Structure formats: C-alpha cells, structure tokens
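Protein chains get the first letters and strands the later ones, always in sequence-line order, with residue 1 at the start of each. Values in this document were obtained by computation on a predicted structure and should not be read as measured data.
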Amino acid sequence: MSDERRKPFPFDEFEPRWQQRWDDEKTFRTPNPGDPDFDASKPKFYVLDMFPYPSGAGLHVGHPEGYTATDILGRTKRRQGFNVLHPMGWDSFGLPAEQYAIKTGQHPRVTTEANIDNFRRQLKSLGFGYDWDREVATTDPEYVRWTQWIFLQLYHSYFDGETGVAKPVSELEANGWTPGQIDEVRLAYIHEAPVNWSPSMGTVLANEEVEEWRAKGETVERRPLRQWMLRITKYAQRLIDDLDPLDWPEGIKLLQKNWIGRSEGAEVEFDLEGHPVTVFTTRPDTLFGATYMVLAPEHPLVAEITTAARKETVESYVKACAGKSDMERGDLNKDKSGVFTGAHAVNPVNGEEIPVWIADYVMMGYGTGAIMAVPAHDERDFEFATKFELPIRQVVEPANGADWQGYTDPGTAVNSGFLDSLPTADAKAKIIEWLEENGKGTRRINYKLRDWLFSRQRYWGEPFPLIWNRETGEHAAIPESELPLLQPEMEDFKPTGDPRGPLIKASDWIHYSDEFERETNTMPQWAGSCWYYLRYCDPRNKERFIGREAEQYWGGGSTGMVDLYVGGTEHAVLHLLYARFWHKVLFDLGHLSTGEPFQKLVNQGLILGEDGQKMSKSRGNVVNPDDIVREHGADALRLYEMFMGPLTDTKPWQMKGVEGVSRFLARVWRVAMAQDHAGEWRMSDKVRDVPCGDKALLKVVHETVKKVTEDIAKMSFNTAISQMMVCTNAFTQAEVVPRREFTLLLSVLNPFAPHLSEELNRRIGNEDQLATQPWPDHDESALVESEVELVVQVNGKLRDRITVAKDAPKEDIEAAARASAKVREHTDGKTVRKVIVVPGRLVNIVAN
RNA sequence: GGCGGCUUGGCGGAAUUGGUAGACGCGCUCGACUCAAAAUCGAGUUCCUCUGGAGUGUGGGUUCGAGUCCCACAGCCGCUACCA
C-alpha cells in the first residue's frame with residue numbers, strides 16, 4: 001500500500017509545485033516607488049508579522065497562526081487593488097546562539113544562518129505570499145549599519161523640554177554648551193547603574209532572568225556598572241497621549257499606560273538634619289499626617305545622617321538589601337523590614353520633628369527615593385507603622401463613615417490646620433499652592449517608567465559605534481563612514497569575568513588609535529527589532545535607513561505607518577514601547593512622516609497543546625508544523641489554524657480537527673475531480689460550462705462570496721471557513737457543477753488554501769492564477785427570496801413558523817400569525833394584550 | 001494585592017449585536033457501498049420524567065423578548081507586583 005493511495009488529494013504533488021512557481025515568478029513581489037512597474041494610483045496596505053527569532057527548534061505552530069491571518073489579509077487586499085507590503089525577516093541576534101557558541105565553539109553566525117535557512121524553508125513550505133526580495137536579518141552587516149546609525153541619531157540628540165521634541169546636540173554646541181553639559185541631556189548617555197551581574201556567567205541579566213539562572217546554580221549579585229542608557233522617560237507623556245488614536249486592543253493600551261505609570265502629585269522639601277530632602281507624594285493633602293520619613297537604603301544621605309549609635313544596625317541593613325534583586329525585595333512583600341537611622345526631619349507645614357527610617361519598601365529608582373509616611377492613609381505605611389509601633393494620625397475623614405485607619409480613598413481633611421473641612425481634591429490644590437508660595441515644594445508629575453538600560457556584555461549583538469579617550473575618559477562617536485562596525489572574529493566566546501564583556505579579549509579590535517579605544521558593550525536584541533518595519537519599506541537602500549520616497553508612500557495617510565501588525569501579547573509592553581520611542585525620535589529629527597509605527601494591532605491567541613496546557617518540550621505536547629505539512633499539507637495546516645476559533649482567543653490543538661479540515665479540502669477537490677480506473681485524478685464530468693440552473697446553489701455561492709469578504713475584513717476567519725464548508729456541501733450534492741460558480745468558491749477560498757484553489761482553478765480550465773485575479777463581488781440579485789419564514793412566539797415562546805411574502809405589510813403578518821392553529825392553542829381563553837411584529841424575523845403575541 | 005481576559009452540548013466553537021440558542025467542524029449512532037474493513041456518501045445527534053418541559057457559570061434586575069444590557073457573586077487563565 002503506497003503512501004499516495006492514502007492521500008485524499010495529491011497536495012504533496014501540487015503544493016511544492018505552486019510554491020516553486022510563486023518563487024520563480026516572484027508573484028508576490030511588491031514594487032516600490034521608483035520601480036518601473038510601480039503603480040502610484042493604488043492605495044497601500046502594509047501588513048506586518050512580528051518577525052521570529054530563528055531558534056534551533058524551528059517553527060512552532062504558534063508562528064503560522066498569525067502569519068496565516070496576515071497572509072489571508074495580504075492576498076485579499078492585493079486582489080482588491082492595493083499595493084500590499086507583506087514582508088518577512090529575522091530577529092537574529094540573541095543569547096541562545098551565543099550560549100551554543102560557548103559550548104561548541106561554533107561561531108554564532110554559522111548557527112544563526114543555518115537556523116534562518118531552516119525557518120525560511122518552513123515558511124515557504126506553507127505558501128505564504130511574502131515578498132522575499134525584502135527579507136532582512138538584524139544580523140546582516142548592512143542592517144547593523146543602520147541600527148548603529150539610528151543609535152548615533154539618539155547619541156547626537158537631546159530632548160528639548162520647551163518644545164517637547166528631540167533636537168540635535170549640535171544646536172547646544174553652537175550655544176556654547178560644554179561637552180559635560182551636553183552629556184547630561186543626550187538621549188543616549190552613560191550611567192553608573194546597579195545591575196544584576198552574574199560572576200559565574202560573566203554577563204548582566206534582565207530582572208526576570210535572575211530567578212531562572214539562580215535556580216540552575218549560577219551566582220547573581222547587584223553591582224553598579226557603567227551602562228549606556230536611553231532617555232525614554234522624556235517621551236513618557238507622548239507615549240501615553242499618542243496611544244489614543246491607535247486602533248489597538250484596549251487591554252494593551254492599558255498595559256502600556258500602566259507600565260509608563262503616570263502619577264500626579266507634589267514634591268515636598270523636608271529639612272533632614274540640615275540637608276534639604278525632597279519627597280514625592282500623590283497625596284500632599286495628607287502632609288499633616290506624616291508621622292515619619294523613609295529613605296531608600298541606597299539613598300545617598302543615609303550614611304551622613306545616621307547617628308553613631310545606629311550606625312552598625314543601619315550599615316548591616318543596607319548591606320543586606322544590596323545583595324537582593326528587585327525580585328527578592330518584592331517577594332518579601334508581606335513582611336515589612338526597616339531600621340531607624342536616629343535622625344529626624346522637620347515637616348515644613350507644621351515644624352514637627354519626625355523620625356527618619358530606612359526601609360527596602362522605598363525604591364531609589366522611583367520619585368526621589370524618599371517618602372513622607374502617612375500611615376493613617378497609606379496601606380504600606382500603615383503596615384510598617386503597625387509593625388514598628390510608629391504613631392498613626394488621622395488627617396482624612398472617610399466619606400462613607402468607614403474606619404479611618406488605613407483609609408486611602410478621598411474624603412475630607414481633618415487635623416490639618418488650614419486644610420480642615422476641604423474635600424481631598426481641594427485640599428491637594430490648596431496645599432500645593434501653599435508649598436509653592438513658601439518655597440517648600442512644587443506640583444509634580446512622576447512616571448514609573450525608567451530610562452532604558454541599553455548595554456549588554458555579550459558578543460552576539462551590535463557593538464556601539466563609540467570610542468573612549470584614554471587620557472580624558474571622554475566618549476565620542478566614530479564617523480558614519482566607518483559603519484557598520486562589526487564584532488571582531490573570535491574563536492573563544494567564554495566570559496572572562498570582566499564586566500566589560502567578552503569583546504574585551506579582542507585587543508586589536510579595541511585599539512582604535514593611540515588616543516582612543518572602542519566601547520566593548522553591545523546593544524540588546526531589542527535594537528534590531530525596534531525598526532525592522534522601517535527597513536522592509538526600502539531594504540536595499542545604500543544611502544539611507546529608509547528612502548524618503550518609500551517612507552512617504554508606505555507611511556502615508558495614517559497616524560501609524562503599519563496598517564496591521566499581528567503578533568503575540570508577550571510583546572505588548574517592551575517591544576512596542578521601545579519601537580514607538582525610536583519612531584518618535586526619528587520623527588522629531590525629520591526622518592519620518594508618521595508619529596507612530598503601528599496603526600492597528602491584533603494579538604493572536606496562544607495555541608495550547610492537546611492536553612489544554614501550554615506547549616512545552618518537557619510536557620511533550622509540542623506540535624511540529626513540518627509533521628502536519630507532511631501528513632495533511634500546507635493548506636490543511638493553514639486552514640485548521642484559522643478554523644480553530646477566533647484569532648485572538650487561546651485555544652487547544654486537536655489533531656482530529658486537522659483531519660476535519662483536511663476532509664473539507666478533499667471534498668472541495670472531489671467536487672471537480674474524480675479518480676479513473678487507474679486511480680488518476682481527472683476532471684469530473686459534473687463540471688460543465690453552463691449557467692447555474694439551481695437557484696438554491698446560486699444563492700449559497702453568492703452568500704459565501706459576501707460572507708467570506710465581510711469576515712476577512714473583520715478577521716473572523718473561522719466563520720468564513722464554515723461558510724465555505726456549507727457552500728462545498730451544496731456543491732457536493734449538486735448534479736451539475738457550473739464552472740463559473742465553482743470558480744467563485746475557489747476564488748474566495750484562495751487566500752486561505754492558495755495551493756488547492758490554484759490547482760483546481762487550473763484543472764477546470766481557467767488560465768489565469770487566482771492570485772492575480774480581482775476579488776469577486778457577490779450578486780445581490782442571487783440572494784433575494786420572494787418569501788420569508790417567520791417565527792411566531794406566544795409570550796416569548798416559539799409556537800409556530802409561518803411563510804409570508806418578503807415585503808408583506810405588518811397587518812398581514814399579524815393576521816397570518818393569529819390564524820395559526822398552534823398559536824390559537826396557546827391564546828384561546830386569553831386576551832391578546834400586544835402583538836410585536838419584527839418584519840423578516842418574528843411575531844410575538846403577548847396574551848394572558 | 002492590582003489590572004486585563006474568559007465561562008454556551010461529550011469537545012473546538014456559531015448566533016445578523018436585544019429577536020428561531022447550538023451554524024460549521026470533531027466525536028458518537030444508524031444506513032448505503034464492501035466478502036470484510038478503511039475511505040466515501042446519506043440520515044441523526046443540547047438535556048430530561050419526551051403529544052410536554054428545562055436550558056448559555058450562580059443569584060437578582062430591565063424588557064413583549066436577554067447568551068447578548070445592568071447589579072452582585074463564583075470559578076478558571078494571563079500579565080504585573082511595595083511606584084509613595
């Protein structure tokens with residue numbers, strides 16, 4: 001029994017054949033402005049997938065979910081007359097390739113290229129209509145050139161607070177600013193920051209990686225290191241405000257807003273043993289209720305103000321905190337800790353002396369690293385005060401008679417001098433006014449968002465195009481003509497334990513000149529993924545990161561450049577925030593004409609394993625797309641992933657479901673094809689070039705064209721497919737298959753199952769590829785019926801159905817309904833109170 | 001703890017946005033074809049105490065009419081975590 005006998009239709013023969021043809025003929029190539037075949041009269045549609053990290057494991061079934069959705073949209077829009085930009089590429093820097101290199105000595109470029117080849121093969125085997133001429137990899141030297149160039153734009157810019165936009169620092173130089181002053185405002189700046197340093201691995205780790213590596217036995221400590229930072233905080237307000245006009249899921253917008261974390265309040269200056277100390281509070285109205293102050297353990301004043309008697313206790317507490325990661329500090333959530341410094345601060349509003357503590361529930365990185373504690377009206381302060389028996393003083397009267405202890409909602413000010421009896425909002429305004437008049441504080445808006453720690457101690461990343469003066473310790477940019485600056489060739493990637501990273505070993509490379517040496521840090525993986533959607537627009541441009549004309553065309557006409565961006569929620573915060581930030585900087589500097597990168601965002605739902613659990617190697621529930629393509633074909637995989645349920649839902653994989661859609665495709669095949677005695681597929685003699693005589697069949701075909709068109713626009717692919725199944729069932733039962741009508745079905749099936757639809761289209765004698773044919777319109781006249789069936793309810797319960805003329809007047813419908821014997825059974829002996837007639841739908845008779 | 005999402009047959013999911021609940025698919029049952037099986041085709045399939053009744057997580061409300069709107073509660077799943 002050969003394999004071929006078991007295939008319900010010969011997808012294994014025709015799928016690779018069509019893929020080859022699309023490749024050879026460049027069917028899905030998209031001309032750019034300036035190309036001879038570019039048609040400027042067509043509107044543009046830029047549909048983008050989140051490009052994958054080409055891991056050694058290959059494609060996961062989660063990838064084709066979003067990719068098929070965008071492919072359906074792209075293919076449809078193309079046939080609807082749009083210039084469709086639908087590209088693919090590789091987010092190819094990243095830690096796994098480097099780790100693998102450390103283990104095996106194989107250069108990361110080698111493994112990365114092999115992985116990319118595998119991913120490309122897999123994607124091509126699914127028949128996606130990408131313009132492969134626009135493929136980019138973030139590791140391509142030509143791509144690295146422009147990533148570094150964009151970094152230099154940031155390096156050479158500052159944020160002008162007056163106008164709220166980025167400007168070149170050359171303007172400051174012209175105004176006589178010193179290099180030192182300019183470094184204070186650059187968008188890319190050097191900063192000594194505490195990071196998670198792993199001595200055993202010789203690299204810094206992101207906060208979220210710390211636990212994972214500790215569990216594997218690696219050591220991690222907090223250590224201040226010289227790091228490159230990007231001043232994203234300057235864009236906090238714009239990053240919030242500009243979310244508004246974007247067509248993104250509300251949940252994702254909220255996630256971004258919460259991450260940026262704007263809060264309004266005031267800064268208040270206390271006198272701490274002769275030092276002015278500023279605290280930030282969102283509740284300045286509770287200033288009279290401050291009964292103690294807390295400094296973060298890392299606060300610079302701690303050592304200075306601690307009294308001799310408390311010195312030992314304080315020092316050991318500070319040391320204990322220094323060893324903890326942010327995560328661990330968070331874990332101790334429930335149990336507050338802290339120590340008294342022995343010092344006191346003076347409350348500016350009433351001259352009261354309050355004790356000053358240090359505690360790790362106050363973070364150095366947010367606000368000023370110091371707080372005034374109002375235990376009566378702040379949960380954390382309340383908990384702390386209770387534990388350490390500090391005084392708790394009521395200054396807000398709850399609005400609803402609730403207990404004032406730990407009451408944090410707005411109310412009325414009490415025990416607060418000139419604020420008494422004011423509602424919270426008014427009290428806030430009044431105290432800020434007082435603070436400003438007396439020079440003791442000011443209105444202030446704070447953001448949770450921190451500046452972006454942009455340097456990594458790794459080999460497989462973009463080197464910074466910067467050099468350091470050995471004598472003066474000043475940094476400078478290398479000229480653009482020296483880009484791209486690639487990593488030196490190295491044999492040994494092992495970490496040295498030197499916090500400057502593995503590039504420190506390449507002494508020839510580091511030596512720039514007698515005067516200067518190179519920066520040895522590299523950029524994070526985010527750098528490449530921050531702007532790849534720009535490069536796709538003009539991927540081979542040698543002069544610019546994106547040509548002016550291409551930028552204007554592909555970004556034109558909307559707030560955000562990309563019309564539709566599809567990907568997973570895991571990138572809801574960081575990737576999207578970083579890309580928006582870079583986009584805005586480039587916009588400010590005049591390189592882009594849109595203010596936002598992504599107009600519409602859709603998050604595909606997670607595909608779970610057959611057991612309803614997240615797919616993972618350890619659970620053994622991972623589905624490999626290659627297996628599905630081999631068994632059932634690419635069209636079946638595409639169709640199944642779209643048929644599982646709504647794109648945005650989380651849903652479990654079901655192998656039986658794949659068989660179901662495969663059966664559907666086989667049914668479509670057999671509508672037009674039959675096997676002869678030799679087992680060869682031949683066109684069925686049911687297919688005829690005749691007008692469709694079957695009204696019901698004609699109707700379902702046109703309903704299908706209409707519904708599929710509408711459902712694609714709504715991205716409701718599962719219902720589009722079920723409609724095509726209904727249509728196919730009608731064809732299966734038909735005596736004659738009119739070629740024109742069957743072609744219509746193939747035409748709308750084409751974006752979903754491109755191989756099968758093209759193959760059948762050709763086999764039934766149509767010459768042109770469906771992919772190049774205009775999208776069909778449905779014929780409204782095929783849909784109209786002269787009669788409609790209505791439901792008759794009595795008191796909301798279904799009792800009968802009646803058939804009436806489509807445009808029958810309400811009175812006639814009511815009369816017909818009341819004439820029904822079944823209705824009478826339920827109304828006899830009752831009084832009809834009301835009759836509701838919804839034409840085309842139902843009649844409801846209210847009787848009692 | 002905070003924020004967000006979800007909850008409809010044995011299973012995945014439909015429901016014109018307030019108007020026939022369960023489209024379509026899976027599974028299952030029966031029939032045709034077959035020596036037989038697979039495949040295929042056809043019929044059926046929410047539940048029950050079945051000429052009737054109940055039913056969209058639970059309890060209430062609005063309405064002629066609620067899966068859909070409002071209030072309260074419960075259960076799952078994500079993300080986040082002392083942000084003053």
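Among the heavy atoms of the strands, none lies under 4.0 Å from A/Asn795. Contacts of A/Glu570 with the nucleic acid, taken as non-hydrogen atoms under 4.0 Å apart, are absent. Here A/Pro249 lies out of heavy-atom contact (under 4.0 Å) with every strand.
The nucleotide whose nearest atom lies closest to any side-chain atom of A/Val846 is, among B/C64, B/A84, B/C24, B/C64. Here the nucleotide nearest the side chain of A/Trp259, chosen from B/U20, B/A81, B/G42, is B/A81. Comparing B/G12, B/G27, B/A23 against the side chain of A/Phe643 picks out B/G12 as the nearest. Of the listed nucleotides (B/C3, B/A84, B/G12), B/A84 has the atom at the smallest distance from the side chain of A/Phe280. Of the listed nucleotides (B/C82, B/A14, B/C3), B/C82 has the atom at the smallest distance from the side chain of A/Asp360. Checked against B/G19, B/G12, B/G4, the side chain of A/Leu254 finds its nearest nucleotide in B/G4. Comparing B/C24, B/A84, B/G13 by their nearest atom to the side chain of A/Ile371 picks out B/A84. Relative to the side chain of A/Lys797, the nucleotides B/A54, B/C82, B/C41 differ in distance, and B/A54 lies closest. In this structure, the nucleotide among B/G12, B/U20, B/U40 sitting nearest to the side chain of A/Gln654 is B/G12. With B/A14, B/G12, B/A54 as the choices, the nucleotide that has an atom nearest any side-chain atom of A/Thr719 turns out to be B/A14.
Atom P of nucleotide B/G2 and atom NZ of A/Lys448 are separated by 14 Å, given to the nearest angstrom. Rounded to an integer number of Å, the gap from A/Leu842 CG to B/G18 P is 15 Å. Regarding A/Lys830, its NZ atom lies at a distance of 14 Å from the C1' atom of B/C64, rounded to whole Å. Taking atom CD1 of residue A/Ile845 and atom P of nucleotide B/C64, one finds them 16 Å apart after rounding to whole Å. Rounded to a whole Å, the NZ atom of A/Lys651 is 13 Å from the C1' atom of B/G5.
Nearest heavy-atom pair across A/Val736 and A/Leu697 is O-CD2, 4.3 Å. Contact detail for A/Arg283 and A/Thr286: the closest heavy-atom pair is O-OG1, 2.7 Å.
Salt-bridge formation is detected for the pair A/Arg818/A/Glu814: a Lys NZ or Arg NE/NH1/NH2 atom is positioned less than 4.0 Å from an Asp or Glu carboxylate oxygen. Between A/Lys387 and A/Glu383 there is no salt bridge, since none of the side-chain N atoms of the basic residue sits less than 4.0 Å from a carboxylate O of the acidic one. In this structure, A/Asp711 pairs ionically with A/Lys707, as a charged nitrogen and a carboxylate oxygen lie closer than 4.0 Å. Salt-bridge annotation for A/Glu825 and A/Arg799: absent, with no side-chain N of the basic residue lying under 4.0 Å from a carboxylate O of the acidic one.
Using a 4.0 Å cut-off, no side-chain N or O of A/Asn446 falls inside it from OP1 or OP2 of B/A84. For the pair A/Arg799 and B/U20, the criterion of a side-chain N or O lying under 4.0 Å from OP1 or OP2 is not met. Residue A/Arg667 places no side-chain N or O under 4.0 Å from the OP1 or OP2 atom of B/U40. For A/Lys656 and B/G27, the shortest distance from a side-chain N or O to OP1 or OP2 is below 4.0 Å. The shortest distance between the side-chain N/O atoms of A/Ser263 and the OP1/OP2 oxygens of B/A84 is below 4.0 Å. Residue A/Asn844 places no side-chain N or O under 4.0 Å from the OP1 or OP2 atom of B/U63. Applying the 4.0 Å criterion to OP1 and OP2 of B/C24, one finds that A/Gln723 has every side-chain N and O outside that range. Within the 4.0 Å cut-off from OP1 or OP2 of B/G27, at least one side-chain nitrogen or oxygen of A/Arg663 is found.
Using Watson-Crick or G-U wobble geometry with both donor-acceptor distances under 3.5 Å, B/C41 finds its partner in B/G31. Base pairing of B/C3 is made with B/G78, judged by Watson-Crick or G-U wobble geometry with both donor-acceptor distances under 3.5 Å. The pairing partner recorded for B/C24 is B/G12, the criterion being a Watson-Crick or G-U wobble arrangement whose two distances lie under 3.5 angstrom. With a cut-off of 3.5 Å on both Watson-Crick or G-U wobble distances, the partner of B/C47 is given as B/G53. Across all strands shown, B/U63 forms no Watson-Crick or G-U wobble pair with both key distances under 3.5 Å.
Between the P atoms of B/A54 and B/A21, the separation comes to 13 Å (whole Å). Atom C1' of B/U56 sits at a distance of 10 Å from the matching atom of B/U68, rounded to the whole Å. Taking atom P on both nucleotides, B/C26 is separated from B/G44 by 16 Å, rounded to a whole Å. When the C1' atom is used for both B/C48 and B/A38, the distance is 37 Å, rounded to whole Å. Only the P atoms considered, B/A15 is 12 Å distant from B/A23, to the nearest whole Å. The separation of B/A66 from B/U29, taken at their C1' atoms, amounts to 35 Å, rounded to a whole angstrom. Using P as the reference atom, B/U8 and B/C69 are 16 Å apart when rounded to the nearest Å. As rounded to the nearest Å, B/U7 and B/C70 have P atoms that lie 15 Å from one another.
For A/Lys336 and A/Phe384, the positive end is not near the middle of the six-membered ring at less than 6.0 Å and at most 45° from its axis.
For B/C82, the base has a donor-acceptor partner in the side chain of A/Lys336 [N/O atoms by modelled type, under 3.5 angstrom]. Side-chain to base pairing of A/Arg801 with B/U20: one donor and one acceptor N or O lie within less than 3.5 Å of each other.
An anti base is found at B/U16: its glycosidic angle is more than 90° from 0. With its glycosidic angle within 90° of 0, B/C50 adopts the syn conformation. Applying the 90° criterion around 0 to the glycosidic angle, B/G42 comes out anti.
Every residue meeting the salt bridge (charged side-chain N to carboxylate O under 4.0 Å, His left out) condition with A/Lys706, not counting sequence neighbours, appears here in chain and number order: A/Glu710.
With RNA chain B read from its 5' end, the first of the two nearest nucleotides for A/Lys614 and A/Thr650 is the one closest to A/Thr650. Between A/Lys714 and A/Leu449, the residue anchored nearer the 5' end of RNA chain B, judged by the nucleotide with its closest heavy atom, is A/Lys714.
Aromatic ring centroids of A/Trp653 and A/Tyr640 lie under 6.0 Å apart.
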